[in-house]
Amino acid sequence: MQAYLIEFGNFMLRWLHVIAAIAWIGESIYFVMLDNGLKTPKDENCRKKGVFGEMWAVHGGGFYHNQKYATSPEKLPDDLHWSFWKAYTTWLSGFALFIILYMVNPGFYLVNPNSNWEWAANLTGWQANILALAFLLLGWVVYNEMCKRISPNMERDGLLSIGVAVMMVVVAYLSTQMFSGRAAFLLTGAVMATAMSANVFFWIIPGQRRMVKAMKAGETPNPLDGKRGKQRSVHNTYFTLPVVLLMISNHYSFAYTHEYAWVLMTLFIFAGALIRQYFVLMHAGKIQPAYPVVGVALILVAFWIAMPSQATSSNAQLEGSGPDITEVTALVNQHCVACHSQSPTQPGFSAPPAGVVYDSIEQILLQKERTQQVVQSGYMPLGNMTNMTDEERAVIQAWSE
Ligand code: HEC
């Protein structure tokens, strides 16, 4: 019953998380598009009132006319639309999901028993939980300090972007060493997503509140508040595509169990940022296909790096000496079926994980390639709970038709 409750809660939370994220990111992309697509108003009266850009749009059967003021309008309306709950809901639901999916069972889902770092391979569940929380917190602290120190008055934002890019390579590397592959991808995405929400919570919204307060008191708002809000929201826009990719990575074990998972992650992150850059420029009327071309090239490099090598199984096939299906079935029954069955006997599992079932020989045969891949990479059995040996892994690897 408890496993079922967690599973159901997970399902509903994921729904909330995805909806909140769509609403938040959608709005954020919309406003970046609006900001970059503004044209100087033709109407002189408009310009006199302080409007420096406008956009006409048609959508959903109606016409819309947006105007942006250079500093502030003469009088601020009382019913200003604010955007922050979408960001907070996304983070809170994401964090709750992380607790249910990873922190309830850290021994399986967070610890990386194959880590090159011995201390990381031997972490207890609680240590792994604390390390994951520290990782998220430190990610924000380092990013925030970099913004404050490198470009405090938004005068060195180019240099800052390079700093943030380097930081993400380090985050990708450290996460794959310290955590299991699936968690490493998720946590790297979560470092960016946490920075995005914290940007809204600690800088963008408080800055806007100060601006509104100043205007209501008849004072001129501090322009730094506006500029800083812009700086952080520009960072957020480049984070969006990589974050979405890392958040949906959880079923693509070929990527996160790879020896060079951190390189793959880095390539995907840069590809996402470059593709985003194309759209940001496009809305400002500049078409620069070099960005997505380089982005796609990075994805192709990732494809090439992650391509499985066929050497082992084809050798066995040539010699006709691969182990037969009875041997393989025995190993699968011993090491996998406790979890991967229509009715798992492993406590904590109410349904076959990832929908992978090994109850019959047909089912085992059907999933040969996938099985070999997860066994070779060491991802399965999860947390090597059943102590599968290297010799046993070699048998699965050598198994031919
Ligand atoms: C302790 C329980 C457990 C055991 C034992 C276990 N698995 Fe898994 N397996 C999981 C969980 C949980 C997932 C889902 C993880 C995910 O979504 O990536 C999974 C996912 C998979 C997947 C899908 C991965 C993908 O690419 O989406 C395959 C294939 C798989 N396991 C094969 C195996 C094989 C083969 C064995 C035995 C050698 C095994 N598992 C043993 C829990 C287990």
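Numbering of ligands and ligand atoms starts at 1, following listing order. What you see is a predicted model, and the numbers here were worked out from it, not measured in a lab. We use all heavy atoms of the structure for the numbers below, so side chains are in, but hydrogens, waters and symmetry mates are not.
- Contacts between Q373 and ligand 1, counted as non-hydrogen atom pairs separated by less than 4.0 Å, are absent for every part of the residue.
- For atom 36 (C) of ligand 1, the nearest non-hydrogen atom from the set G107, S180, C336, A255 comes from C336.
- The aromatic rings of W117 and Y173 stand perpendicular to each other, their planes meeting at an angle above 60°, with 30° marking the opposite boundary.
- The closest protein non-hydrogen atom to atom 11 (C) of ligand 1 is P353 CB, 3.1 Å.
- Atom 27 (O) of ligand 1 has H251 O, 3.1 Å as its closest protein atom, hydrogens excluded (heavy atom only).
- At a heavy-atom cutoff of 4.0 Å, ligand 1 is contacted by no atom of Y252, backbone or side chain.
- Relative to the ring axis of F108, R182 does not place its NZ or CZ within 45° and under 6.0 Å from the centre.
- Under 4.0 Å from ligand 1, the heavy atoms of R182 that appear belong solely to its side chain.
- Contact check for C339 versus L382: no side-chain heavy atoms found under the 4.5 Å cut-off.
- For the residue pair N144 / R232, a side-chain donor-acceptor distance below 3.5 Å is found, with atom types taken as modelled.
- If you check the side chains of Y256 and T176, you find no donor sitting under 3.5 Å from an acceptor.
- For the 3.5 Å distance criterion, the side chains of S83 and E27 qualify, holding a donor opposite an acceptor.
- For Y88 and F84, the distance between ring centers is under 6.0 angstrom.
- At least one heavy atom of Y358 lies less than 4.0 angstrom from ligand 1.
- Heavy-atom separations between Y379 and ligand 1 include at least one value shorter than 4.0 Å.
- The distance from atom 8 (Fe) of ligand 1 to the nearest N/O/S atom of H340 is under 2.8 Å.
- The aromatic rings of F8 and Y4 are tilted relative to each other, their planes meeting at an angle between 30° and 60°.
- Closest to atom 2 (C) of ligand 1, if we only count protein heavy atoms, is C339 SG, 1.9 Å.
- Polar contact check, T386 against ligand 1: no nitrogen or oxygen pair lies under 3.5 Å apart.
- For atom 26 (O) of ligand 1, the closest non-hydrogen atom of the protein is S253 OG, 2.7 Å.
- Contacts with ligand 1 closer than 4.0 Å are made by backbone heavy atoms (N, CA, C, O) of N250 only, the side chain lying farther away.
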